[in-house]
Amino acid sequence: MRLSKLLGKTQREIPAEADTVSHRLLIRAGMVQQLAAGVYSYLPLAWRALKKIENIIRDEMDRAGGQELSMPVLQPLELWQKTGRDAAFGTGLFTLTDRRERTLVLGPTHEEVIADLVGRNVRSYRDLPLLPYQIQTKFRDEPRSRGGLIRVREFIMKDLYSFDADQEGLDESYQKMLAAYKNIFNRCGLPTMLIQADSGAIGGKESHEFMVVAESGEDEIIYCEKCDNAANVEKASSLKERIEDGPPQPLVEVATPGKESIEDVAAFLGVPPSHTLKAVFYMADDKLVFIVIRGDIGVNEVKLKNLLGAAELRLATEAEVTGAGVVAGSASPVGLSGFRIIADDSVTTGNNFVAGANKAGYHLKNVNYPRDFKVEMLADIALAAAGHACPACNGVLRATRGIEVGHIFKLGTFISDRLGANYTDAEGASHPIVMGSYGIGLGRLLAAAIEQNHDDKGIVWPLPIAPYQVYLCPLQMADEAVTGAADKLYSLLEAAGLEVLYDDRNESPGVKFNDADLLGIPFRITVSKRTVANDSVEIKRRTEKEAELVPLEEANKRLKELIRG
RNA sequence: CGGGGCGUAGCGCAGUUCGGUUAGCGCGCAGCGUUCGGGACGCUGAGGUCGGAGGUUCGAAUCCUCUCGCCCCGACCA
């Protein structure tokens, strides 16, 4: 490809709206163009990189036994109502009305459609397992798109679904996909972290995410520095060490004038925050819920939401709390009733806690569970944090941020159940097919690859996903010896099957070198008066400072060697 | 949806407080010439009606009302 004819120009100045590294570089390199919030065009260079990623994914899916197909983007809302996931996705579903006033959904994912499809085509256990997949544009009306390609409303996703006769089959399919995903990210030059995850609106039990560690990531990862325990903060748990505070003592009410926060009360009474119990109030589907948790630990809202089975969960406002007759700043479960009380299991880690007295200006000492209060549910709803102890090995937990590039789910049978996707076993009995779901966001993977591979000059594409392999860079376009050599080399390299981006613009060397760095093509080959005088060219890796001088007639061979690695 | 910021030429911005000739600057773009190993230079030129609508006024990029859009933080989110 001749750069002079390529659609998409490099820019010197950084657009004001771009904050994250990948977004800035993609725009500066002229690779993407925004049309609306979270809606982008891919220009030829980005599209080539995306196609390479797509081919790697397709290759790995096929090797793992996947079968590619294509399902409709346009889906009847009724299908979603059957599984109840229209509610789970809520306003995240893009919907539209056709001329017959029927509501259609722009597919945000395809569990419903594929379960319906497979259900109509599978009769027997002999037809299983199945691993159908597609690579297709998805639509989600995200409350807020962000970070360029990191979170968008229209995006290309590879979605594969596994269909097995039983749990063992699902486990096997899941392991296959897990291995295939590792291959994909490795081949794309992306180090990823495999972490445990919450399954969110997709549903199901077990779930893992593939994370690329990056500052700009939206997710917080809690991982152990000693063992391989790692999880999304939404899912992570940590060890709650015992608080040694002697045998239970009788309740004592103490005056704590003006002290309302845990820090203030603890300091005032001379105890660490871990020796206190705090009250936190949430509205779960518009009902007040009273949470009790040790003073030094935060509430994990995802765990709480799952525990309550709530569709919507948010912190209660002060008015809602006081309206329920609770004394904010001095609330405790002791002697209170009238609403759901949920406790984190940290309340069992010690004795003689300090808690509110439900009376302004007073607190209680020596509060003990279950002696002094009862709860409706006792569970782990704690927020794990850096510095906590690892529940697996007692090592120290650390936190980092990551971009979720892949997510895999063991769904089970709740979707096939509701859509009647059944099979007949060897005994002639009917069962719902056991499903799994496996997704990769291609655009996000592309962005993550840039987040991971760049320097202050620009993108540094990993070779397997680079839009072109070679950047052919003649320096004096007015010099016929130079352009002659470059033209010849260009056709030679192309004929040899190398992917060449030919910078045939009449620009100064500085401009060309800087654009070459910005575009991040792995190998740059420079032709100039100097090199032509020596019957040679310079070959330089994007990752290295120094170039190597290669005789003109060997350039082709040498490049092939380098590219094969 | 809550909070904050912003819409003036393809991009980056000034001008808006305090209304007043043909709305500026830099980059980029086009033509000509000189240059050419890390973002060269000169000359000439094209390009905007100031996000949109309504209003106030002799006069609006500037004031008022409404509205649309974009970004960031949060809520939310496979």
Side-chain angles (χ1 to χ4, degrees), chain A residues 8-20 23-24 27-28 30 33-40 85 88-93 107-111 138 140-148 150-153 155 157-161 197-204 207-210 216 218-219 232 234-235 283 301-302 305 311-315 317 404-411 436-441 444 456-458 473-479 482 505-518 524 526-533 537-538 540 545 547:
Chain A
K9 295 268 180 264
T10 58
Q11 294 177 197
R12 283 185 204 196
E13 274 160 324
I14 303 158
E17 80 264 11
D19 251 11
T20 55
H23 193 197
R24 294 159 88 107
I27 291 181
R28 278 197 56 214
Q33 183 95 52
Q34 183 177 24
L35 185 63
V39 181
Y40 288 84
R85 293 207 310 169
F89 273 86
T91 52
L93 282 182
T109 177
H110 283 244
E111 281 82 4
K138 305 286 189 241
R140 294 183 191 178
D141 197 359
E142 296 287 350
R144 188 181 147 212
S145 49
R146 62 156 70 98
I150 301 285
R151 177 163 230 92
V152 289
R153 299 192 299 166
F155 59 99
M157 180 166 106
K158 184 285 300 175
D159 45 323
L160 182 144
Y161 306 91
D198 181 71
S199 52
I202 290 286
S207 157
H208 287 89
E209 288 167 336
F210 288 81
S216 54
E218 298 182 276
D219 292 279
N232 193 305
E234 296 174 350
K235 177 84 176 176
M283 296 301 283
E301 297 184 4
V302 174
K305 194 173 167 183
E312 201 192 317
L313 181 79
R314 60 173 174 82
L315 272 172
T317 62
E404 174 195 345
V405 289
H407 199 160
I408 59 181
F409 303 83
K410 288 188 183 177
L411 294 175
S437 165
Y438 313 82
I440 295 179
R444 187 184 279 180
D456 56 340
K457 288 288 199 179
C473 189
L475 290 187
Q476 295 87 17
M477 294 302 288
D479 189 311
V482 171
R505 300 171 304 167
N506 189 13
E507 290 287 351
S508 71
V511 171
K512 290 191 164 195
F513 287 152
N514 278 297
D515 277 347
D517 287 345
L518 176 60
R524 186 183 81 195
T526 308
V527 184
S528 70
K529 282 183 191 166
R530 266 192 223 167
T531 67
V532 168
V537 295
E538 280 172 18
K540 188 187 97 65
K545 263 209 139 58

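What's counted below: heavy atoms across the whole structure, side chains too, no hydrogens, waters or symmetry copies. Convention: sequence-line order gives letters A, B, ...; per-chain numbering from 1.
In this structure, A:Gly148 reaches neither bases nor backbone, as no heavy-atom distance under 4.0 Å exists between it and the strands shown. Nucleic acid contact for A:Ile14: sugar-phosphate only, since backbone atoms but no base atoms lie under 4.0 Å from a heavy atom of the residue. No contact: A:Arg153 has no heavy atom under 4.0 Å from any strand. Counting any heavy atom pair closer than 4.0 Å across all strands shown, A:Ser145 reaches sugar-phosphate atoms only and no base atom. When heavy atoms are screened at a 4.0 angstrom cut-off, A:Asp479 is found touching no nucleic acid atom at all. Residue A:Asp19 is classed as a sugar-phosphate contact, given heavy-atom separations below 4.0 Å to backbone atoms only. A:Glu404 comes within contact range of the sugar-phosphate backbone alone, with a heavy-atom separation under 4.0 Å but no base atom that close. Within 4.0 Å of A:Arg530, counting heavy atoms only, lies at least one base atom of the nucleic acid. Counting any heavy atom pair closer than 4.0 Å across all strands shown, A:Leu35 reaches no nucleic acid atom.
Between the P atoms of B:rG20 and B:rU62, the separation comes to 11 Å (whole Å). B:rU44 and B:rG26 have their P atoms separated by 13 Å, given to the nearest Å.
Among the nucleotides B:rC71, B:rG38, B:rC77, the one closest to any side-chain atom of A:Glu142 is B:rC77. Of all nucleotides listed (B:rC76, B:rC36, B:rG37), B:rC76 comes nearest to the side chain of A:Pro143. Relative to the side chain of A:Gln34, the nucleotides B:rC76, B:rC70, B:rG37 differ in distance, and B:rC70 lies closest. Nearest to the side chain of A:Asn506, among B:rG37, B:rU35, B:rA40, sits B:rU35. Counting only heavy atoms from C-beta on, A:Gln476 has its side chain closest to B:rG37 among B:rC76, B:rU35, B:rG37. When the nucleotides B:rG37, B:rG38, B:rG39 are ranked by their closest atom to the side chain of A:Asp517, B:rG38 comes out on top. Distance from the side chain of A:Arg146 is smallest for B:rC76 among the nucleotides B:rC36, B:rG38, B:rC76. Side-chain proximity of A:Ala478 to the nucleotides B:rC72, B:rC36, B:rG39 is greatest for B:rC36.
Atom CD of A:Glu507 and atom P of B:rG38 are 15 Å apart (whole Å). The distance from atom NZ of A:Lys512 to atom C1' of B:rC36 is 10 Å, rounded to the nearest whole Å. Look at NZ on A:Lys9: it is 13 Å from C1' on B:rA30, rounded to the nearest Å.
A salt bridge between A:Arg505 and A:Asp515 is present, with a side-chain N of the basic residue lying under 4.0 Å from a carboxylate O of the acidic one. Note on A:Glu312 versus A:Lys305: no salt bridge recorded, every NZ/NE/NH1/NH2 to OD/OE distance being 4.0 Å or above. Here A:Arg85 pairs with A:Glu111 in a salt bridge; the nearest charged N to carboxylate O distance falls below 4.0 Å.
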Run the side-chain hydrogen bond (donor to acceptor under 3.5 Å, both in side chains) test on A:Glu209 and A:Ser207 for me, step by step, so that the C-alpha distance in whole Å, both residues' side-chain angles and the decisive distance to 0.1 Å come before the verdict. CA-CA 7 Å; A:Glu209 288 167 336; A:Ser207 157; over 6 Å; no
For each nucleotide in nucleotides 42-48 of chain B, reading 5' to 3', give B when a protein heavy atom comes within less than 4.0 Å of its base, S when such contact involves only the sugar-phosphate, and - otherwise. -------
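The neighbour count for A:Gln33 CD, taken as heavy atoms of other residues, nucleotides or ligands under 6.0 Å away, does not exceed 12.
Applying the 4.0 Å criterion to OP1 and OP2 of B:rA40, one finds that A:Ser508 has a side-chain N or O inside that range. For A:Lys305 and B:rC77, the shortest distance from a side-chain N or O to OP1 or OP2 is below 4.0 Å.
The main-chain N or O of A:Ile150 is found under 3.5 Å from a side-chain atom of A:Arg444 such that the two form a donor-acceptor pair.
Nearest heavy atom pair, residue A:Val482 against residue A:Val527, reads CG1-O, 3.7 Å.
The base of B:rC11 lies outside donor-acceptor range of the side chain of A:Arg12, with no N or O pair under 3.5 Å. Applying the 3.5 Å distance criterion, the base of B:rG39 shares no donor-acceptor pair with the side chain of A:Arg505. Applying the 3.5 Å distance criterion, the base of B:rG26 shares a donor-acceptor pair with the side chain of A:Glu13.
The residue among A:Arg524 and A:His23 whose nearest nucleotide of RNA chain B lies closer to the 5′ end is A:Arg524. Judged by closest nucleotide on RNA chain B, A:Ala547 is the one of A:Ile440 and A:Ala547 placed further toward the 5' end.
Residues A:His208 and A:Phe210 place their aromatic rings such that the two centres sit no closer than 6.0 Å.
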